[in-house]
Every structure is written in structure tokens, then in C-alpha cells.
Protein chains: 2
Amino acid sequence: MRYSESFIYTLKEDQKEAAIVSHNLLLRGGFILKLASGIYNYLPLGLRVIRKVSDIVREEMNKAGAQEILMAAIQPAELWKESGRWNDYGKELLRIKDRGDRDFVFGPTHEEVVTDIVRRFVKSYKQMPLNLYQIQTKFRDELRPRFGLMRGREFIMKDAYSFDKDEAGMDVSYEKMNIAYHNIFRRCGLAFRSVEADTGSIGGKDSEEFMVLSQTGEDEIVICDSCEYASNVERATSIVEDEPAQEIELKEVATPGKQTIKDVCEFLGSDPKFSAKALVYKNEKDEVFCFFVEGDDELNLIKAMRATGSVELEMVSDDELKKLGLEKGYIGPVNFPNKDVKVLCDERIKHRNNLVVGANEPNYHLMGAKFGRDFECDTADLRVVKEGELCPRCKKGTLKKIRGIEVGHIFKLGQKYSKAMNATFLDENGRSVPYYMGCYGIGIGRTAQAAIEQNHDEYGIIWPISIAPFEIEIVSLDTRNKELVEFCDILYEQMKKEGFDVLYDDRDERAGIKLNDMDLIGIPIRVIVGKKAFEKGEVEVSLRRDRQKQSVEKDEVLEKVKELRDMLYSEIEEGRDG
Amino acid sequence: MRYSESFIYTLKEDQKEAAIVSHNLLLRGGFILKLASGIYNYLPLGLRVIRKVSDIVREEMNKAGAQEILMAAIQPAELWKESGRWNDYGKELLRIKDRGDRDFVFGPTHEEVVTDIVRRFVKSYKQMPLNLYQIQTKFRDELRPRFGLMRGREFIMKDAYSFDKDEAGMDVSYEKMNIAYHNIFRRCGLAFRSVEADTGSIGGKDSEEFMVLSQTGEDEIVICDSCEYASNVERATSIVEDEPAQEIELKEVATPGKQTIKDVCEFLGSDPKFSAKALVYKNEKDEVFCFFVEGDDELNLIKAMRATGSVELEMVSDDELKKLGLEKGYIGPVNFPNKDVKVLCDERIKHRNNLVVGANEPNYHLMGAKFGRDFECDTADLRVVKEGELCPRCKKGTLKKIRGIEVGHIFKLGQKYSKAMNATFLDENGRSVPYYMGCYGIGIGRTAQAAIEQNHDEYGIIWPISIAPFEIEIVSLDTRNKELVEFCDILYEQMKKEGFDVLYDDRDERAGIKLNDMDLIGIPIRVIVGKKAFEKGEVEVSLRRDRQKQSVEKDEVLEKVKELRDMLYSEIEEGRDG
């Protein structure tokens, strides 16, 4: 494509609305344009990237035996009432009334619709396994849309749904998707990890997230330095050395004005890990919970939600604490004062012999509290694991935390939706059984943007060749030199003929502008035709990633470019460390 | 693709919801599945067709220099307020409130958004011409969705928008699209006509519709039997022989109980064409109009709307007539009794010397009424042209009416949107000028369905090869015969290798079921492998359109199929009469 005829407009200035580099570069490079909060238009360059990622996804999904369909974006509320999510989904679900005042939603996901499709046709176990997928625009009315395509409201997603006759079949379908996802993200040229993930409100058994590694990622990942263990911090566990400490007698001590763990422990000269701090939350049903974790631990909200069957947990205000009869800063598990509040301790609390805890009266704490002797309650894993702790899988390596951007998620749903929607088939014995389902998502736009977050420098984007808007850019630096222009024109036509995906910057602009735009847009292979070199019969070829120019004889350019392209693609095939 | 592994489920029974053949066949063939009124899911076969039509559209649009983008589906109301359509568009516009109670719409079309995009970047006449297009899901909340993809609420559309610096440039952009559209519909294998169309409420200058010819089409087209004139009946004009008749004196005659033109004329022994009938309508602003056309003419509502600047016209009820002081059945233009009602005559009324008209009192008519002598009012072309009338262009041929399905529409918008949205550029003289725009739509799903409406028989669909879900189907009729199966398997793999798009019916089903499904789904080239012929070393090859089987030696099948495929594609390239 000729740049002079293209709708490509770059911006010099950093964009205020962008809090992260990739968002800024997408805007500055003319890939996307904001229409409203969390809603973007894809301009020609952006759409080319979206299309390349989609094509890779499509190829790998087809290879894995999935079949492409396209479900409607606007869905009748009835299906969401059947599944129960009409009430459960909350404000992220964009609800719509049509002209006849009937309820609809703009689909944020398609479990209901796909289950409805399948139950109309699939009546026998012989018709499975089945995996249907689509690449489609979705809408989730995020409270705080941010980071461009990373957390938009309207976004393009690949969603797939598998249907099997039993759990073993579901496991096979899941594993096929796992492999397909590895292929997809490798082919997109990304360094990524698949990590264990919480199944959250979607429910189900196993779940893995695919994380593009990046220091600016919103997700924290826990990895082992010696085995393959990798988990979202939301779900990660660890083995912590047991230090039960000396058992002593329970005694009350005055701690006037000391409300925080730090203050109390300093005052008493004790180690925060031998204390229990209280955190009081209420859930969407207004049930109140008091969680105790060790003084130097952090409450893992996702684990707390799972332990309490909650969809949302919100911290209780000081006023509410008072009404509940709880003394802020002095709450403790011994003689807990309110029976309507459910008390839950982290499992590690159980193993301590000697804890500093609140005395449930102002300005007093207890020392030497011991689970089982002085208090009892339900326990669960409620803490966030820490770096340096022991790996729960190999039990040898130590854990490390890195950050990542979630670009894919695979789930074993089991029978959650098929049961709710009475979507059944007849098994070998003629019995009616709900399907065993899996669901598998990839954020197409987010994948594209994550690639930038992982691959850029101070000059702009460095696209992996497989998802770059173009593979090659020719820049002619002297548009008044007839011979030079003719050479570029012919080279451009030759490259197109050879099947290269090429952008030809033939604009009548200053060299500086063209070279800056080239770096910003980030096309991986560049051919720069300048006057001086051209007169010597040479042009400059370089890769975007190192910007190292090589002089190449004019009639060897095509060969050189082919060689570089093959090299870049074979590097991608080999994969990158994740 | 192997049929046994495909999500293809055909239905034996005609579908009640389908009022036209193509809709029934799309449902029965497992191409689409209804989710709600006017909202459909595309199943694998249906999506394949949609994709093939889209690819043809994309290639021709790119060839014409247009650039693909993808605009957001959800658009902020502010833009629609800027253009004025927030108020004008009516109930077809799906209005949405987000969680922050802000107004949005699900885009039914994208003039506002694209104008907003372009005004941010295009500031100089040097940056034009520009043509941006997208292929996208739209929503129009039709009052009566019907005929499947023909008039759905959620539908896939290609919409393009051109921007030029002046009217001459706009004309060139429009003409490029005109050519592209001819290429697109020819390559889709359709018999079609481009016809003059009314510009309707979108406004603008010229407009042409692309009509797929079909007796079940919703649109009536007027064509000349001797020249290229073709027009939507909404806009068509004609030359009608002038028969002024003898001028006589005006006189009142009793016509007791005779209210219809037919009754009155029979009673008086006069020719209906020498009478004027009254039609009373009110528009969206509650303005009332009385239209007079000749007794044997039909009022053309679209022309009436244009003549009165109305967006909607609704017939006035009998009660309302009374309140207006108008006598139903006896309304006439002489001494018209209500000055608040605007009277408009068809132009032909002006040329008559002698008309039977209502006397504006019950049971009386006037004979001999003459425009200019007995009454005067504004005139306009208000009638529907009739078959057999003289062509307005060549003035020699006679007009004929045929029916069509509108699959594309091109418009010169002029400065309607750019003026309203203050979207301007600087021209050669540094003056600020609103862009000259055109807009160009193609209904992707409607095109696919129109192809069926035009190409089917009593057994099912007959797809044009260029948009068929597959080009070739192999049917093995004996799945227990090892040699036969092996032959089919190898043939299937060979065909895939050769780049054929092939469906292989390897199901363990009765021959009758497989052959019926094959006819229903309508893949253009078929290879049937039956036991008897196979044992003689032969297979049967046929085209879907004539179902004439040809015996072909086993090892010549591939060659034969190639030959047929090339033949079908070259037929399409030659085009079909429209």
C-alpha cells in the first residue's frame, strides 16, 4: 500500500488519555481512535493487526477441530434468566430495551446462546465432541475502562465453547484448546506463560490463564524457579516453614491507642507474623465476614470470595463496625462479640501457639492466643503468597512474582450452564444427561496491544512480523529524484508480486518525518532508499528491533528482504521464553 | 471438511416462520438459526457464505482504492445530536443507556462516526479523495422484521463513505463505487440491475439501488424495453399520451351513495381517467395534505413525501376527515372547504379539460372541472407509472415492471453531514469548506439470501460457485465398503491439496438422506461415489443446477472437477443478464 494514499495519520505528542506505553503508541501511530470511554474505532493500521491476530486464531482453532459460527450480539433476556445470570451479572451487563419494551442484552459472552443452539440440534452422545467458536465484538460495561484495548468496554473476542458427553471428554477438549492456545500465542511472537487461575463466578473445575509477560501487566503471576509451576496470585499457594513458637498463657495487655499491627507489635516487641489481624467485609447478600490472617500477610480477596461463596466483597465502614459491636483496631477471635458475623481464619493461624490478637475492647490486646485452646472457627487458605516461599508443586524451588497481561483464558465449565438450561443429550444407556462444557476466550485487541507492551523502545513499536500491519516498509527519501522514485516503484511492485505485505512511503515529506513515522509504526523490515547511497547503487536495509542499517546492492534487495523475512518467521516458530 | 465432524443439521420440514423460499431454505439447510425476532445466529454453513460474499466485497472495495476500518458499534448520542438524527431517526434507532446513565445508540449506520473520524485528521484538500469502509454488524429496530436475513434487525453490512473536496470529486468517487458494485454483484453470480432511486430522508443528490431480480422481491422496478432506463417505481416517471378531452361547462350532478371512483364513473358513464380522486394524509408534523390523482392512477407515497417535505405520511381516518370538514367520497378540488389542508394535484390533472370530481357535499359530484378555470393548486409528479407507458429517457420504448431485492445502495450525500457537524477542510484558497460526501451500502446477508431467492429449485438451493459454502461435495454412498471409503478419503485429500473448497459427506447414513441433504444445501459441483458404479471403476459427477449425472472414470475425476469449476467461474466472470 502506498502511504500517500493511506489513511495513516501519526501524532507527535504523547496522548494524555494513555496511562501505559502500548496505549500511547496505538494512539500516536494511528492504529485506533477513541470514540467514547472504553470504545475505540480501528483505523486501517489497527484493523490490519486485528485481522492478522484473528487469522492466526482462526487457523489454530480450525486445526484443533473447532468450527466457526457467528452468534448474534443482541440476546434476549429470557436466556439469561434461564441461566440465572440476568440477576447475577451486575452492572457490566449492558441491558437494552427494544421498541416493543422487551429486554435484551449486548452479549458480554455467549454461554447462554451457544448452549441454546446446541440443545436444539445435539440430542445424542454420538454427536459429540463438539467445539463451536466465533470472533466477535462484545460489550462489557466496565466501571473504569482503561489502557485502550486492554480494558475496553466494546472489544473483539474469540470465544469457543466445547460440548462433551462426559468429564473425560471435556478434559480432552480442554487439553486440545490448551495446545491450540500455546500455538496461537507462540505464532503471535509473544513471550507468555500459561498459569493456574481462579475459576471465579463462571464456576467450573480447572482453569488456566495465558499471560503475556510484561512489567506493566495488571496481573501478578507466581512462578517457581525450579519447576513449571505458574499460577495467578489470586490462586497461588505455597509451603511456608512452620514456626509454631512457644505456647504461653493467654493474658490481656493494655495497648493504649495502638490500632495497627505495626504499632501494636512495636509496642509489645513481638514479631508481626505472630499476630492475627482482622479484616471485616460484607458480600452482595449483606452477609458479614471477619477474616483473620497473620499480621504480615495480605488477605487474598479472591480466595476469601471462594471460601465464602461470595461474588463481591466490600470492606465494612467504621460506622458499620460500630453497629456490629466491633472495636476497630482491637478486634480479635477470642470471645468474638457478634454471632451474626461469620469468622474465618487463614489456615496458618491454626498452627501458631502464641498470637497477639485484639481483645475486643478499646486499648487492649491479648497475648499468647492459641487456636483450639482459646478460640475456634472455620479455616481456609486466605493469604497472598510471598516471594521466596516454597513451591507447592516441587516443594524444592522458591516462588517468584512476575507481572503479566491476561490475553487468554480456558475453563472447564462442567454442567453449570447445561443443567441450568436443561440442555441434555441421551447417553449410551438412553439416559438424559446435561452436556459437559468448556469455554475458551482470547482477547484479540488485548493480544495486539500486549504485543506492543512487550515489544517497543523509545522510538515506537517493534511488531512481531506475524501480526505486524505490514511485513516490510520501503521508504523513499527523495521523491524528486526520478530514477530513485522509479526504482522504488518497481521494487514495490516486485515485492507485492512476491506476496510480501508491504507499505511504501512515497510521501513528499521531509526525511526526518518519514523515518520517525517508520520507527513509530514499527514495521519489522525496512528498506530505506536515500539519494547518496542510491547513487552508489546501494540501499539500506534494517530491522526495526535493532535499527542497524546494512548497505545492500540495489539488485540484491529483494533477496535480502526475503532472507530477513524467513529468519523472523522462523524465530517466531521456535517460540520465545515465557 | 468432513460432514461427519461438522455442525451441519438439516431440517426436513418447511419452517413456519419463513414466508419466502430463501428464508425457508436457509433455515432448513442449517445456515442460520433464529435467536429472536429479526435476530439470527450464523451456523458454520451460513458463516462460510457470509465470508465469501464479504471477501468479494473487500477485494473490489480495495481495488477501487477504498480503505477498510472498523468503527465502534456503540456510539455516543452526542454525535447523533450534532447531525440532528437523534431526533429525526425514529424508533428504528436502538437507544441504550450505559451504567452511568449516558445515552448511546447501537449504530444502524455510521455517517456521524466516520465524519467525526475524518474531521480529526483531514484538514486540507490535499488529503482527499478518501473512501473509508467497514464490514460490520448493525442494528435497526424494524417494526416488522421479516424474511430472515432480508429484513432483519441485527444484520451485517458493508458501509463505505467517501470524502471529496468538491462536487466533481464526489461524482468521481460515486462513479468508482458504481463500478465496484457492478463487479461485486457480478462476481457473486447474480442477475441484477442498478436502478435510479429516491434519496429519501438521507437526502442528497443522485442515488442508485442495486436490485437482484426476483419475482418475490419487495421492490418494484420500472425498466424500458428499448433503452437502459431502470428506476425504482418510487422514483420512476413516464411520458403519457395527452388526452385533454373536450372542454365543457362545470355542472353539479347527483351521485347518491356513490363514493368510489369506480361507482361514480359507472353511474355517470365516464372514463375513470377523466376524474380526480382525493387522498388525504397527514405527516409527522401533523400537517394535513389532500392529494388529487387521476381516477385510474395510484398515489406514489414516496413522491408525495418528497413533494411535501415529509418523512412519514399516514392516511387520515374517517373521524379526522369529518373534523376537517371533508366529506368522504365527495372531496373535490373546486371550492376546497378547508384552508388549513394543503391541496396538491398530480401534474396530469393540469392537462385535463374535463374532470369528474367530488362536489364537497354528500351525494354530489361535479362534471367538467378544469384546472386553472374552476380550481387552482400546486402540482407535482405524484403518480405511480404504469406498464406500457412511454420511457422518459429514450421516449420510444415502453415501460415494464419487474421485481427486485435491494442489495446495495449508493448515494451522493453532498454536504448534509459535514455541514451539520462542522466538518471542514481548507481548500486551495485557504477557505474552510465542508467535505463533499458519498455513502455506499451493501447488505451482506441480504445478498447471500437474494442469491437463493434467485437460484433454487424444488429440491433446494443452487449456489453460485463464488459464494457457495463449498465448491464441491463428495458423497460416499457406502461407508462399509473399505475400498470405496479409501478411494473417497484419498480423493478428498487430493482435492484439498489442489486448493478446492470441499465438503466430504462421509456420514454413516442412508443414501437417500445424503442425496437429499446434498440437493438442499446446494453445493454446485457433486461427486457421488456409489457401490455399483465404483465396482465398474466409475463415479458420478454432476452439477447442482441440472442434476444431470455423468459417469467419469475414477482416475479422471479430479480433472473433470477442475474443468467444471473453471467453467462455472468463467460463466460468472461473463456476468448474467440483469
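Here is the naming used below: chain letters follow the sequence lines, and residue numbers restart at 1 for every chain. Predicted, not measured: the structure shown is a model, and the values here were computed from it.
In plain terms, the two heavy atoms of A72(B) and Y40(A) that are nearest each other are CB-O, 3.8 Å. Here the closest non-hydrogen pair linking E154(A) and M71(B) is OE2-O, 4.5 Å. Taking each heavy atom of Y42(A) and I69(B) in turn, the nearest pair found is O-CB, 3.3 Å. Between Q67(A) and F7(B) the shortest heavy-atom distance is OE1-N, 2.7 Å. Here the closest heavy-atom approach between residue L94(B) and residue D98(A) is recorded as CD1-CA, 4.1 Å. Shown here for L70(A) and L47(B), the closest heavy-atom pair between the two residues is CB-CD1, 3.9 Å.
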Report task. Could you check V113(A) against L35(B) for side chain to side chain contact (heavy atoms under 4.5 Å, CB included), going step by step and ending with a plain yes or no? Result -> CA-CA 8 Å; V113(A) 175; L35(B) 178 60; 4.2 Å; yes
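In this structure, the portions of I74(A) lying under 4.5 Å from any heavy atom of chain B include both its backbone and its side chain. Only the side chain of L130(A) comes within contact range of chain B, judged by heavy atoms closer than 4.5 Å. Only the side chain of L79(A) has a heavy atom closer than 4.5 Å to any heavy atom of chain B. Contacts of E142(A) with chain B are made by backbone atoms alone, with heavy-atom separations under 4.5 Å and no side-chain atom involved. Interface residue K34(A): only backbone heavy atoms are found under 4.5 Å from chain B. Of the two parts of D116(A), only the side chain, counted from C-beta on, holds a non-hydrogen atom closer than 4.5 Å to a non-hydrogen atom of chain B. With a threshold of 4.5 angstrom between heavy atoms, I50(A) does not approach chain B through any atom at all. Residue R48(A): no heavy atom, backbone or side chain, is found under 4.5 Å from chain B. Contacts between E5(A) and chain B at a heavy-atom distance below 4.5 Å involve the backbone alone (N, CA, C, O). Using a 4.5 Å cut-off between heavy atoms, I156(B) contacts chain A through its side chain alone, with no backbone atom that close. For a residue to count as touching a neighbouring chain, one of its non-hydrogen atoms must lie under 4.5 Å from one of that chain's; by this rule S6(B) touches chain A with backbone and side chain alike. In this structure, the portions of L143(B) lying under 4.5 Å from any heavy atom of chain A include both its backbone and its side chain.
Here the straight-line distance linking atom CG of N41(A) with atom CD of Q134(B) works out to 8.0 Å at 0.5 Å rounding.
With chain B as the partner, the residue from Q75(A), K97(A), R120(A) showing the most heavy-atom pairs under 4.5 Å is R120(A). In terms of heavy-atom pairs under 4.5 angstrom with chain B, the leader among I117(A), L43(A), L11(A), L93(A) is I117(A).
The shortest side-chain heavy-atom distance between K123(B) and Y9(A) does not fall under the 4.5 Å cut-off.
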